[in-house]
Amino acid sequence: MREINKEKLNVKIYSGRPELGAAAAEILTEKISELLKTNEYINIIFASAPSQNEFLAELLHKNIEWNRINAFHMDEYVGLHPDASQGFGNFLKDRLFSKVNCREVHYLNGNAANIQDECKRYSDLLIKYPTDIVCLGIGENTHLAFNDPHVADFNDPLIVKVVDLDQDCRSQQVNDGCFATIDDVPTHALTITMPALFKSTFAYAIVPGKFKANAIFHTLSSDISELYPSTILRRHNHAVLFIDEDSASKL
């Protein structure tokens with residue numbers, strides 16, 4: 001493992017995805033244990049993407065008091081069939097939430113009869129349960145959650161909002177093997193906003209793979225702005241970026 005720092009952001013570089021996933025899971029487990037020494041329960045937001053697979057799998061082998069964790073996910077497609085495997089709530093349910101006994105699990109509903117009411121419902125939950133830890137991915141276009149560059153707002157007054165997805169974001173879903181063609185990818189989604197994600201006390205970004213090399217380059221090298229949303233991690237007081245040699249290849 002190599003380690004560098006960019007402003008406030010700690011960057012850990014591993015040889016490959018298995019090593020990265022294992023290390024991120026170990027560090028998260030240690031942080032959960034530390035926080036539960038002084039808190040009755042803690043609140044964690046999880047990302048849903050193939051980039052998280054090794055990390056989530058490793059968590060299943062850890063000694064974690066899941067019954068003291070309230071779990072959230074950070075985004076969800078609008079209008080996708082409720083049982084679709086590509087649904088982000090379904091992704092996390094399949095890989096994590098159905099296998100552990102969380103205190104509470106809160107899902108975003110992209111098929112709510114009134115989407116704005118759903119944004120309000122989830123926003124109220126995030127106010128009730130302030131985020132202790134967020135486990136992030138970074139998109140190929142440097143989005144965090146579904147805050148693509150054209151909708152990302154570092155001063156967003158909202159906590160959860162509806163967004164339209166840009167072409168790069170929708171193409172990534174095909175690159176990730178989640179959809180066969182871009183025409184199959186929904187055009188809109190619900191997302192937790194940039195300030196709401198940034199409010200987390202601790203942030204862990206898990207970003208392996210060659211398709212993320214450009215995003216990692218911009219995350220660490222470009223000016224901090226909504227043009228590259230993930231650059232905001234360099235201002236977070238307690239953020240760690242986990243990357244592998246593939247995603248670090250353009251640094």
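No experiment lies behind these values; they were computed from the predicted model shown.
The shortest heavy-atom contact between A47 and G137 is CB-N, 3.6 Å. The two atoms that bring R234 and S221 nearest to each other are NH1-N, 4.0 Å, heavy atoms only. Among all heavy-atom pairs drawn from L190 and G110, the shortest one is CD1-CA, 4.1 Å.
Not a single donor-acceptor pair under 3.5 Å links the side chain of N67 to the backbone N or O of N101. Side-chain atoms of K212 come within 3.5 Å of backbone N or O of I138 as a donor-acceptor pair. T231 contributes a side-chain N or O that, together with a main-chain N or O of S225, makes up a donor-acceptor pair within less than 3.5 Å. Here the side chain of Q52 pairs no donor or acceptor atom with the backbone of A49 at under 3.5 angstrom. Between the side chain of E226 and the backbone N or O of F154, at least one donor-acceptor pair lies under 3.5 Å. Panel note: side chain N43, backbone A71; no donor-acceptor pair is recorded below 3.5 Å. Between the side chain of Y122 and the backbone N or O of H106 there is at least one donor-acceptor pair closer than 3.5 Å.
Counted within 6.0 Å of CG on N114, heavy atoms from surrounding residues, nucleotides or ligands total more than 12; the atom is thus considered enclosed. Within a 6.0 Å radius of CG in N63, other residues, nucleotides and ligands contribute 12 heavy atoms or fewer. Residue-environment remark: NZ (K62) exceeds the threshold of 12 foreign heavy atoms within 6.0 Å.
Just one of L126, V134, D75 meets the side chain to side chain contact (heavy atoms under 4.5 Å, CB included) condition when paired with I192; it is L126.
Atom CD1 of residue I44 and atom CD1 of residue I32 lie 4.0 Å apart, to the nearest 0.5 angstrom. With rounding to the nearest 0.5 Å, the separation of CG in L59 from CD1 in I64 is 5.0 Å. Distance check: T131 OG1 to I45 CD1 gives 3.5 Å after rounding to the nearest 0.5 Å. To the nearest 0.5 Å, atom CG of residue L108 and atom OG1 of residue T191 are 8.5 Å apart. With rounding to the nearest 0.5 Å, the separation of OG1 in T142 from CG in L144 is 7.5 Å. Here the CD-OG1 distance, from E26 to T29, works out to 6.0 Å after rounding to the nearest 0.5 Å.
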> Where do H150 and D164 land on the side chain to side chain donor-acceptor pair (under 3.5 Å) test, with the steps shown first?
Replying inline: CA-CA 9 Å; H150 74 292; D164 63 298; 3.0 Å; yes

> Run the side chain to side chain donor-acceptor pair (under 3.5 Å) check on D132 and N39 step by step: do they pass?
Replying inline: CA-CA 10 Å; D132 296 293; N39 294 274; 5.5 Å; no

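Between Y107 and F72, the distance separating the two ring centers is not shorter than 6.0 angstrom. Checked against a 6.0 Å centroid threshold, the rings of F146 and F88 count as neighbours. The aromatic ring centroids of H73 and F46 lie 6.0 Å or more from each other.
Every residue meeting the salt bridge (Lys or Arg N to Asp or Glu O under 4.0 Å) condition with R68, not counting sequence neighbours, appears here in chain and number order: E65.
Using cut-offs of 30° and 60° on the angle between ring planes, the pair Y41 and Y129 is perpendicular.
The side-chain heavy atoms of N5 and V11, taken from C-beta on, include no pair separated by under 4.5 Å. Contact of the K161 side chain with the N147 side chain is registered, since non-hydrogen atoms from C-beta on lie closer than 4.5 Å. Proximity of D94 to S85: side-chain heavy atoms (C-beta onward) are nowhere separated by under 4.5 Å.
Remark: the E3 side chain and the N10 side chain contain an N/O donor-acceptor pair separated by less than 3.5 Å. For Y77 and Q173, the side-chain atoms include at least one donor-acceptor pair closer than 3.5 Å. For N175 and E140, the side-chain atoms include at least one donor-acceptor pair closer than 3.5 Å. Checked by atom type, the side-chain pair N90/D83 shows no donor-acceptor distance below 3.5 Å. D244 and S247 form a side-chain donor-acceptor contact under 3.5 Å, judged by distance and modelled atom types alone.
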Without placing hydrogens or testing angles, list every side-chain donor-acceptor pair under 3.5 Å for residues 193-206, not counting sequence neighbours.
from : atom 1 : to   : atom 2 : distance (Å)
T193 : OG1    : L158 : O      : 2.6
T193 : OG1    : I159 : O      : 3.3
S200 : OG     : L197 : O      : 3.0
S200 : OG     : F202 : O      : 3.3

Cut-off 3.5 Å, no hydrogens considered: what does the side-chain donor-acceptor table look like for residues 182-189, sequence neighbours left out?
from : atom 1 : to   : atom 2 : distance (Å)
D184 : OD2    : T181 : N      : 3.2
D184 : OD2    : T181 : OG1    : 3.1

